[in-house]
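The block underneath contains the structure these notes are about, expressed in structure tokens.
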Amino acid sequence: MSYCEAKDNKEVILSVKDIKVNFKLRGQVLNAIRGISLDLYKGESLAIVGESGSGKSVFTKTFMGLLESNGYIDGGSIIYKGKDLSKFKFEKDWHGIRGKEIAMVSQDPMTSLNPLKIVGKQVQEGIELHRNLKGAEAKKLAIKLLEDVGISDPEKRYYQYPHEFSGGMRQRVVIAIAIGCNPEILICDEPTTALDVTMQAQILDLLKNIQKEYNLTIIYITHDLGVVAKVADRVGVMYAGDIVEIGLSEEIFYNAKHPYTWALLSSLPQLGIKGEELYSINGTPVNLFKEIKGDAFAPRNPRALKIDFELAPPYFEVSTTHKAKTWLLDPRAPKVEYPKALKKLFDEWEG
């Protein structure tokens with residue numbers, strides 16, 4: 001059952017409450033994740049979008065215990081099947097979660113695959129580790145997985161090495177490895193970045209089909225809003241280590257409320273106006289080594305209010321499925337016009 005079908009009877013599969021992640025760098029502390037709370041619903045596709053450095057990958061790495069050695073969780077909880085993953089300290093704690101319950105598809109399959117080992121054995125490893133199958137049975141399932149992800153002649157391909165595969169086929173192998181342990185949650189970290197446009201569409205279609213067949217809940221991490229439009233039920237917009245707006249895909253694309261979301265949408269080439277320069281966001285992301293006062297996006301926001309520089313906004317509810325952290329939603333805030341590039345898009349929603 002998809003998220004859209006189950007939205008009136010949602011089952012929370014993973015619940016994040018006020019999670020904070022820090023990194024120690026050269027004697028300083030970087031506040032990478034600043035108190036995110038989020039519920040992930042069974043069967044949905046959730047896209048997390050934002051500029052590079054906004055914390056998207058760091059946030060989801062906490063679900064699998066994959067933070068770098070200088071990173072640590074500094075507060076909050078991550079509840080999955082009654083367990084608080086934020087309290088796990090040792091590799092043995094993650095053995096029953098990583099790969100088996102929560103798996104990841106990375107953006108560069110060449111760094112994920114061992115160039116010295118045939119691809120079939122690499123698919124088979126996870127099966128033997130987590131599904132209690134060995135030898136011929138594990139090999140049979142590995143070949144079926146290669147077939148399921150669209151690799152032709154899987155019996156032959158089983159014995160080939162990664163360099164004998166194209167970029168798109170290598171990504172399919174990585175997906176086969178990820179679903180081989182039959183996980184509940186699949187995290188796709190920029191799964192189409194290294195691929196051409198045609199192959200991107202094929203991989204996204206594959207992921208949608210795999211989601212249905214294997215009953216997966218998928219988290220997409222991306223900065224490509226075109227990808228989001230094709231696959232996401234819900235979208236979380238991330239800036240400076242926090243989710244500043246979250247809602248159904250159509251709410252984010254046609255009724256966005258946070259100025260940062262407006263800026264991301266305005267940067268879409270297809271919304272550009274002929275003869276005018278394509279929109280770009282002013283300034284640079286905030287310094288996460290320093291304490292952030294007010295709204296982190298305020299220094300880059302041409303529509304910022306005085307209070308944005310003084311006090312961090314809470315979530316304001318737009319609908320039961322849509323909320324945003326912006327003082328512009330406060331009843332006392334002045335009326336602010338949407339950016340020029342978005343006016344037509346938003347008018348279509350209201351119409």
Any Lys/Arg nitrogen of [X] or [Y] sitting under 4.0 Å from an Asp/Glu carboxylate oxygen of the other?
X: E251; Y: R234; result: no
X: K117; Y: E125; result: yes
X: E337; Y: R303; result: no
X: K325; Y: D242; result: yes
X: K89; Y: D93; result: no

Give me the atom names and distance for the closest heavy-atom approach of [X] to [Y].
X: S267; Y: A263; value: OG-O, 2.8 Å
X: L206; Y: D148; value: CD1-O, 3.8 Å
X: S86; Y: G76; value: OG-O, 3.3 Å
X: K56; Y: G50; value: NZ-O, 3.0 Å
X: A256; Y: L265; value: CB-CD1, 4.0 Å
X: P259; Y: T326; value: CD-OG1, 3.7 Å

Q.
Once you measure the plane-to-plane angle for F63 and F59, does it fall in the parallel (<30°), tilted (30-60°) or perpendicular (>60°) bin?
A.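 F63 vs F59 ring planes: perpendicular.
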
Q) When the ring planes of F297 and H258 are compared, do they come out parallel, tilted or perpendicular, using 30° and 60° as the limits? A)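 Ring orientation of F297 relative to H258: tilted.
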
Q) Hey, is NZ on K87 packed in by over 12 heavy atoms from elsewhere, all under 6.0 Å? A)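 Yes, because the 6.0 Å sphere around NZ of K87 holds more than 12 heavy atoms from other groups.
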
Q) When you look at CG of N132, are more than 12 heavy atoms from neighbouring residues, nucleotides or ligands closer to it than 6.0 Å? A)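 No, not enclosed.
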
Enumerate, atom names and distances included, each donor-acceptor pair closer than 3.5 Å involving a side-chain atom of residues 307-316, sequence neighbours excluded.
from	atom 1	to	atom 2	distance (Å)
D308	OD2	L305	N	2.8
Y315	OH	I243	O	2.5

Quick one, [X] and [Y] - any side-chain contact, counting heavy atoms below 4.5 Å?
X: C181; Y: I127; answer: no
X: Y158; Y: Q124; answer: yes
X: I246; Y: H322; answer: no
X: V318; Y: N255; answer: yes
X: P162; Y: Q122; answer: yes
X: I102; Y: L85; answer: yes
X: I151; Y: M169; answer: yes
X: V105; Y: I187; answer: no

Q: Using the salt bridge (charged side-chain N to carboxylate O under 4.0 Å, His left out) rule, take E68 and K61 through it: C-alpha gap first, then chi angles, then the decisive distance, then the call.
A: CA-CA 9 Å; E68 288 75 6; K61 280 180 178 180; 3.0 Å; yes

Could you see if [X] belongs to whatever hydrophobic cluster contains [Y]? Use Ile, Leu, Val, Met, Phe, Trp, Tyr and a side-chain cutoff under 4.5 Å.
X: I219; Y: V231; value: no
X: V12; Y: Y80; value: no
X: V16; Y: V244; value: no
X: M238; Y: L67; value: yes
X: V29; Y: V21; value: no

Q: Take Y220 and K230, measure what side-chain contact (heavy atoms from CB on, under 4.5 Å) needs, and give me the verdict at the end.
A: CA-CA 11 Å; Y220 291 92; K230 288 184 176 71; over 6 Å; no

If you round to the nearest 0.5 Å, how far is [atom2] of [Y] from [atom1] of [X]?
X: I33; Y: I36; atom1: CD1; atom2: CD1; value: 4.5 Å
X: Q200; Y: D196; atom1: CD; atom2: CG; value: 7.5 Å
X: L133; Y: L141; atom1: CG; atom2: CG; value: 6.5 Å
X: K140; Y: L145; atom1: NZ; atom2: CG; value: 12.5 Å
X: N22; Y: K20; atom1: CG; atom2: NZ; value: 9.5 Å
X: I48; Y: C188; atom1: CD1; atom2: SG; value: 11.5 Å

(Q) Suppose the criterion is salt bridge (charged side-chain N to carboxylate O under 4.0 Å, His left out): which pairs have a residue in residues 170-190, not counting sequence neighbours? (A)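 The answer is K42-E184, K81-E184.
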
Which donor-acceptor pairs under 3.5 Å do side chains of residues 277-291 form with protein atoms, sequence neighbours excluded?
from	atom 1	to	atom 2	distance (Å)
N287	OD1	F289	N	2.9

Q: Check step by step if side-chain contact (heavy atoms from CB on, under 4.5 Å) holds for T217 and L186.
A: CA-CA 6 Å; T217 301; L186 184 64; over 6 Å; no

Q. How about D224 and T222: does a side-chain donor come under 3.5 Å of a side-chain acceptor?
A.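 No, no side-chain donor-acceptor contact under 3.5 Å.
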
Backbone N/O of [Y] and side chain of [X]: donor-acceptor pair under 3.5 Å:
X: E44; Y: Y41; answer: yes
X: K323; Y: E245; answer: no
X: E164; Y: Y161; answer: yes
X: Q160; Y: I118; answer: no
X: S37; Y: D18; answer: yes
X: E101; Y: P183; answer: no

Q. Going through the distances and angles, do F88 and I97 end up as a side-chain contact (heavy atoms from CB on, under 4.5 Å)?
A. CA-CA 11 Å; F88 286 8; I97 299 292; 4.0 Å; yes

Q | Step-by-step side-chain contact (heavy atoms from CB on, under 4.5 Å) determination, M64 to M104 | A | CA-CA 9 Å; M64 298 182 68; M104 179 175 282; 3.8 Å; yes

Q | Name of the residue among I221, V235, T261 meeting side chain to side chain contact (heavy atoms under 4.5 Å, CB included) with V49 | A |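 That would be V235; it is the only one of I221, V235, T261 passing the side chain to side chain contact (heavy atoms under 4.5 Å, CB included) with V49.
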
